[in-house]
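Right, one structure below, let's go through it.
In what follows, residues are counted from 1 in the order of the sequence shown. Order of appearance sets the numbers: ligands from 1, and atoms from 1 within every ligand. Just so you know, these numbers use all the heavy atoms, side chains as well, and skip hydrogens, waters and symmetry mates. These numbers were taken from a predicted model, which means no experiment stands behind them.
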Amino acid sequence: MSFPIVILGSGRGSNAEALLKSEQNRKLGGAQIAALVSDQPEAGILELGTRFSVPAIYVNPGQGGARLSPEAEAAYIERIQAFSPRLIVLAGFMRIIGPRFIEAFKGCVLNLHPSLLPSFKGAHGIRDAFEYGVKVTGCTVHWVTPQLDAGPVIEQKAIRIENSDTLALLEKKIHAAEHQLLPEVVAGLSRGEIPLP
Ligand code: GAR
């Protein structure tokens, strides 16, 4: 593999699916999805493994609350290093990544966030923007640094919030935008059109 990617997620995995479909359709540059990793044994993202013939691995997050426990962080690093990834994509991975993990994969961890950072950081970016009443929100792909949702922005897509939008409708729009943005960024990185940090 010339540009192996490992995707980490905690939920349904619609963004992982968008990346896998892009790879299938040869729209992901030279990137290949080497593995799917989750901290939730029942997560939808792991079910994609069988469908797309990609290793899908649950790694116990330990008792670290919002973070991985130190032992779990070491296990994540080891399991992921086995795939020699050029890029690690956090696609709905709902744990705060520690400095040890970031150091182990320096300059190759990116995160997808459902707001226009630096606005509406945290676990509820779509809802927080909707409830605040902003007229424009969107999604962001950024490099991961030790500060939560604060690393350098790689690319963003803006979405206008119409007066007729409900939260559910806005969520649909943001997810559709994410499913375009994330594969575009990964393809750009793998083709060298977007520089690695
Ligand atoms: C995505 O909307 C992603 O932006 C968000 O989780 C969702 C995962 O959906 N991430 C965060 O909120 C990170 N703070 P998916 O499992 O269907 O890809």
Query - Side chain to side chain, Arg100 and Ile77, heavy atoms closer than 4.5 Å - result: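 They are in contact (side-chain heavy atoms under 4.5 Å apart), so the answer is yes.
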
Requested in this report: Indicate yes or no: at least one non-hydrogen side-chain atom of Lys21 is less than 4.5 angstrom from one of Phe52.
Outcome: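 They are in side-chain contact.
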
[atom]: nearest protein contact (heavy atom, Å):
{"atom": "atom 5 (C) of ligand 1", "value": "Pro114 CD, 3.9 Å"}
{"atom": "atom 9 (O) of ligand 1", "value": "Asn15 ND2, 3.7 Å"}
{"atom": "atom 4 (O) of ligand 1", "value": "Glu178 OE2, 2.4 Å"}

Query raised in the report: Given Val186, which of Ile154, Ile194, Val89 fulfils the side-chain contact (heavy atoms from CB on, under 4.5 Å) condition?
Result: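 Answer after filtering Ile154, Ile194, Val89: Val89.
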
Report task. Among Leu117, Ile126, Ile159, Leu181, find the residue that satisfies the side-chain contact (heavy atoms from CB on, under 4.5 Å) test when tested with Cys139. Result ->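 By the side-chain contact (heavy atoms from CB on, under 4.5 Å) criterion, Cys139 pairs with just one of Leu117, Ile126, Ile159, Leu181: Leu181.
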
Proximal atoms of ligand 1 relative to [X] (non-hydrogen, under 4.0 Å):
{"X": "Gly92", "result": "6 (O), 8 (C), 10 (N)"}
{"X": "His175", "result": "2 (O)"}
{"X": "His113", "result": "4 (O), 13 (C), 14 (N)"}
{"X": "Gly122", "result": "14 (N)"}

Query raised in the report: Shared ILVMFWY cluster between Ile102 and Met94, side chains joined below 4.5 angstrom?
Result: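 Each belongs to a different hydrophobic cluster.
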
Nitrogen or oxygen of [X] less than 3.5 angstrom from that of ligand 1:
{"X": "Ser14", "value": "yes"}
{"X": "Asp149", "value": "no"}
{"X": "Gly11", "value": "no"}

Requested in this report: State if Gly44 counts as touching ligand 1 under the rule of any non-hydrogen atom under 4.0 Å.
Outcome: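 Flag not set, Gly44 not near ligand 1.
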
Query - Non-hydrogen atom of Gly13 closer than 4.0 Å to ligand 1 - result: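 Gly13 counts as a contact of ligand 1 under the 4.0 Å cut-off.
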
Query raised in the report: Would you say the side-chain atoms of His142 and Thr140 include a donor-acceptor pair closer than 3.5 Å?
Result: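 Not at all, the side chains of His142 and Thr140 share no donor-acceptor pair under 3.5 Å.
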
Query - Pair Tyr132 and Phe120, ring centroids less than 6.0 Å apart - result: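 Judged by ring-centre distance (under 6.0 Å), Tyr132 and Phe120 do meet the cut-off.
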
Query raised in the report: Does ligand 1 have a heavy atom under 4.0 Å from the side chain of Met94, from its backbone, from both, or from neither?
Result: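 Answer for Met94: side chain.
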
Requested in this report: Supply the atom-to-atom distance Leu8 CG to Ile88 CD1, rounded to the nearest 0.5 angstrom.
Outcome: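 It is 7.0 Å, given to the nearest 0.5 Å.
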
Requested in this report: May I ask you to decide if Ala91's main-chain N or O and Asn15's side chain share a donor-acceptor pair within less than 3.5 Å?
Outcome: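 Absent.
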
